[in-house]
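These notes concern the structure reproduced below.
Sequence lines set the chain letters: A, B, ... in the order given, protein chains first and strands last, and positions in each chain run from 1.
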Amino acid sequence: MSLYVYNSLKRKKERFESLKPGKVGMYVCGVTVYDYCHVGHARVMVVFDIVHRWMKQLGYDVDYVRNFTDVDDKIIKRANERGIAIDVLTNEMIAAFYEDIDSLGCLHPTREPRATEHMPEMIAMIEALVEQGRAYVSGSGDVLYAVRTFDDYGKLSGKNIDDLESGSRVDVDKSKRDPLDFVLWKMAKPGEPAWDSPWGAGRPGWHIECSAMSCSHLGDTFDIHGGGMDLKFPHHENEIAQARAANGGGFARYWLHNGFVNINAEKMSKSLGNFFTIREVTEKYHPEVLRMFMLGTHYRSPLDFSDTALDAAKASLDRLYETMKRCRESEVCHSGNIATPQSSYLPSAFTTAMNDDFNTPEALACLFDICRLLNKGLDSDEDVSMLFDQFRAMTGVLGIVQHDTEAWFKSGDVDSEHIEALINERSAAKKSRDFARADAIRDQLSAEGIILEDSPTGTTWKKA
RNA sequence: GGCAGGGUGGCUCAGUGGUACGGCGGAGGAUUGCAAAUCCUUUAUUCGCGAGUUCGAUUCUCGCCCCUGCCUCCA
């Protein structure tokens, strides 16, 4: 059974074959660290975390590189506004970034280069382009890439240069030979961070950063390049033009793009201002709920963000945790003790779904099928340890139901002593068949957001 | 205007040339003192509209309508 991925470059699903046997090189465009990440960023991280995990599951040795853009206009602007040094800002945001993605259960990439650590590679790449006559110094002193020198320009995004220009919404910069030419090296203005270069002190353009970082870590040709759909043009198009021209390599062989997170059917973005940061959302919902919400939709489709959608994600996750809890408490699950998910435990339908371009909604359907079988078996005291192993293998791959069930249902500011006391009082009332008193206690706790569950072995509680 | 991707039950989301997966929600039942949790049953004669190909299309082809995105920084 082999993996098929949708390759944006070819606009179709293709059988995935790595460049080197058993190894995968993957580069994903990271974030520009000037502010907290929003849910849209979270989606990229979760989507490619799934890709990362599944590749590993298939036995690949994955070299996953994801960058930090830590030099950029917006960073300079924000640092100035806050009156702090640029590295203070970027370090603060990188720390926040880790908090956020860790909470979402994303594994760390193997390498996380920062743009500022790769100046020599960027400069070398620009020099190569200048030597080839593909780059030139404009009237303003910036070094620009002449897009018309690259025959395949527009191939990834399915655009041609003439169409782009006729529909262009950008004012034409007179110093450009062609309106679509983009900046490789920017001349420094006073007070801005700058690095020495053959063209004077300045800093790199955004696009060259990714070309240089990906190639320097993964080689001139590597397997996968990923990012949000909005990066396809011009960012990824420009990356291709730079890297393939400068190194003569093939650059990325498979391009994967995830869909957006929308709000009211409109793209969530900084510029529209209709965004929620990850930390805003996780104040109200457990981060794993956010992850679950994302897995419920195929990664290439748009994902509409709303409280109702998160509530539904929470309800479905609760269901899985409920089953996990029952299994943990059940003696008939004792033999299920695999340390790490093993492919042999994964149902073939699940593997098929994941191999079909990481179809997580389908994979979740398999998981819920197992969940139901598990509950059914538990209801009738059957040995469900095999199912339990499957269940954990699947949740392990998806990175959900990874928290302690006690913590899941009881986390937050609750006074458990108070609750336990009331539960004891209610049990006594029940024993003496004082159901009015018992129900009053249950109603009281319910009003406090606590739900009681009676079972033959006693009463347990959880947060609503 | 150019290009890309969509329109599937109350919501959400898969999928397939032979009447449609899962989740959330609703209804009924089992269980429970009553609930909760769990299980069972049920909830789309139908997959934007029209035409074509076909024994047969939601799935293929063409046309149309509508939505979103990209064409500027953006995940």
Side-chain angles (χ1 to χ4, degrees), chain A residues 8 11 28-32 37-48 72-74 154 157-160 162-171 180 182 206 226-235 237 257-262 265-272 275 292-293 295-298 300-304 306 308-320 322-323 325-326 349 353 356 359-369 371-380 430 433-436 438-439 442-443 446 451-456 459-462 464:
Chain A
S8 299
R11 289 185 194 78
V28 173
C29 291
V31 291
T32 300
C37 287
H38 63 234
V39 179
H41 298 112
R43 189 172 192 198
V44 191
M45 303 310 152
V46 170
V47 163
F48 287 99
D72 164 273
D73 289 344
K74 289 191 288 286
S157 50
K159 299 176 187 304
N160 72 66
D162 298 317
D163 285 348
L164 283 166
E165 288 182 2
S166 62
S168 177
R169 292 184 267 157
V170 187
D171 292 335
L180 291 167
F182 58 90
W206 176 43
M229 212 83 97
D230 48 356
L231 297 188
K232 214 189 221 180
F233 188 90
H235 185 55
E237 199 70 71
H257 292 100
N258 65 276
F260 300 125
V261 176
N262 295 159
E266 207 175 38
K267 178 184 166 186
M268 176 185 290
S269 72
K270 289 260 168 96
S271 36
L272 289 172
F275 64 91
M292 183 69 178
F293 162 66
L295 299 183
T297 302
H298 186 90
R300 284 189 280 115
S301 300
L303 179 58
D304 224 54
S306 67
T308 356
L310 288 174
D311 288 339
K314 181 188 183 299
S316 54
L317 239 198
D318 278 345
R319 173 139 184 247
L320 297 174
E322 202 79 54
T323 300
K325 186 179 158 206
R326 291 186 73 189
D356 181 16
N359 192 336
T360 52
E362 189 69 38
L364 281 176
C366 298
L367 176 61
F368 279 102
D369 286 342
C371 179
R372 172 169 297 106
L373 290 174
L374 215 34
N375 282 320
K376 216 168 160 178
L378 252 14
D379 279 353
S380 51
K430 273 174 64 177
R433 304 196 64 79
D434 181 0
F435 294 123
D439 291 351
R442 189 170 59 196
D443 290 345
S446 171
I451 294 171
L452 297 186
E453 293 181 1
D454 291 338
S455 79
T459 300
T460 57
W461 61 273
K462 66 179 182 183

Handout entry: Polar side-chain contact A:Asp443-B:rC34 base: donor and acceptor under 3.5 Å
Key = no
Exercise for the section: Answer yes or no: side-chain N or O of A:Asp439 and base N or O of B:rG33 forming a donor-acceptor pair under 3.5 Å. Expected result: yes
Which part of the nucleic acid, if any, lies within reach of [X] when heavy atoms closer than 4.0 Å are counted: base, sugar-phosphate only, or nothing?
| X | value |
| --- | --- |
| A:His235 | nothing |
| A:Val261 | base |
| A:Asn359 | sugar-phosphate |
| A:Ser8 | nothing |
| A:Leu452 | base |

Taking atom [atom1] in both [N] and [M], compute the distance separating them and give it to the nearest angstrom.
| N | M | atom1 | answer |
| --- | --- | --- | --- |
| B:rG28 | B:rU59 | C1' | 34 Å |
| B:rG15 | B:rG7 | C1' | 16 Å |
| B:rU68 | B:rU43 | C1' | 30 Å |
| B:rC71 | B:rA14 | C1' | 31 Å |
| B:rG63 | B:rG10 | P | 31 Å |
| B:rU42 | B:rU58 | P | 24 Å |
| B:rU54 | B:rG17 | C1' | 9 Å |
| B:rA27 | B:rC66 | P | 38 Å |

Listed nucleotide nearest any side-chain atom of [X], set [options]:
| X | options | result |
| --- | --- | --- |
| A:Pro234 | B:rG33, B:rC73, B:rC70 | B:rC73 |
| A:Ala365 | B:rC70, B:rC24, B:rG22 | B:rG22 |
| A:Asn262 | B:rU68, B:rG15, B:rC71 | B:rU68 |
| A:Arg11 | B:rG2, B:rG5, B:rA14 | B:rG5 |
| A:Val44 | B:rC34, B:rG33, B:rA75 | B:rA75 |

[N] phosphate, OP1 or OP2: any side-chain N/O from [X] under 4.0 angstrom?
| X | N | answer |
| --- | --- | --- |
| A:Ser446 | B:rA36 | no |
| A:Lys232 | B:rC71 | no |
| A:Asn160 | B:rC3 | no |

Filtered N/O pairs between nucleotides 37-39 of chain B and protein, under 3.5 Å:
from   : atom 1 : to       : atom 2 : distance (Å)
B:rU38 : O3'    : A:Asn375 : ND2    : 3.3
B:rU38 : O2'    : A:Arg326 : NH1    : 3.3
B:rU38 : O2'    : A:Asp379 : OD1    : 3.2
B:rU38 : O2'    : A:Asp379 : OD2    : 2.6
B:rC39 : OP1    : A:Arg319 : NH2    : 3.2
B:rC39 : OP1    : A:Asn375 : ND2    : 3.3
B:rC39 : O4'    : A:Asp379 : OD2    : 3.1

Handout entry: Residue A:Arg11 excluded, over 12 heavy atoms near CZ under 6.0 Å
Key =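 Correct, the count exceeds 12.
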Exercise for the section: Mark yes when over 12 heavy atoms from residues, nucleotides or ligands other than A:Lys270 sit less than 6.0 Å from its NZ; otherwise mark no. Expected result: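 More than 12 heavy atoms, drawn from other residues, nucleotides or ligands, come within 6.0 Å of this atom.
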Handout entry: RNA chain B stem ranges, 3 or more consecutive Watson-Crick or G-U pairs under 3.5 angstrom
Key =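 Stems (3+ consecutive pairs) listed as B:1-7 with B:65-71, B:10-12 with B:22-24, B:25-30 with B:38-43, B:48-52 with B:60-64.
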Handout entry: Residues forming a side chain to side chain contact (heavy atoms under 4.5 Å, CB included) with A:Lys159, sequence neighbours excluded
Key =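 Partners of A:Lys159 under the side chain to side chain contact (heavy atoms under 4.5 Å, CB included) test: A:Ser157, A:Leu164, A:Phe233.
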Problem - N-O pairing of A:Asp439 and A:Arg442 below 4.0 Å - result: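 The answer is yes: the pair qualifies as a salt bridge.
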Handout entry: Sidechain N-carboxylate O distance under 4.0 Å for A:Lys325, A:Asp318
Key =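 Salt bridge between A:Lys325 and A:Asp318, a charged N being under 4.0 Å from a carboxylate O: no.
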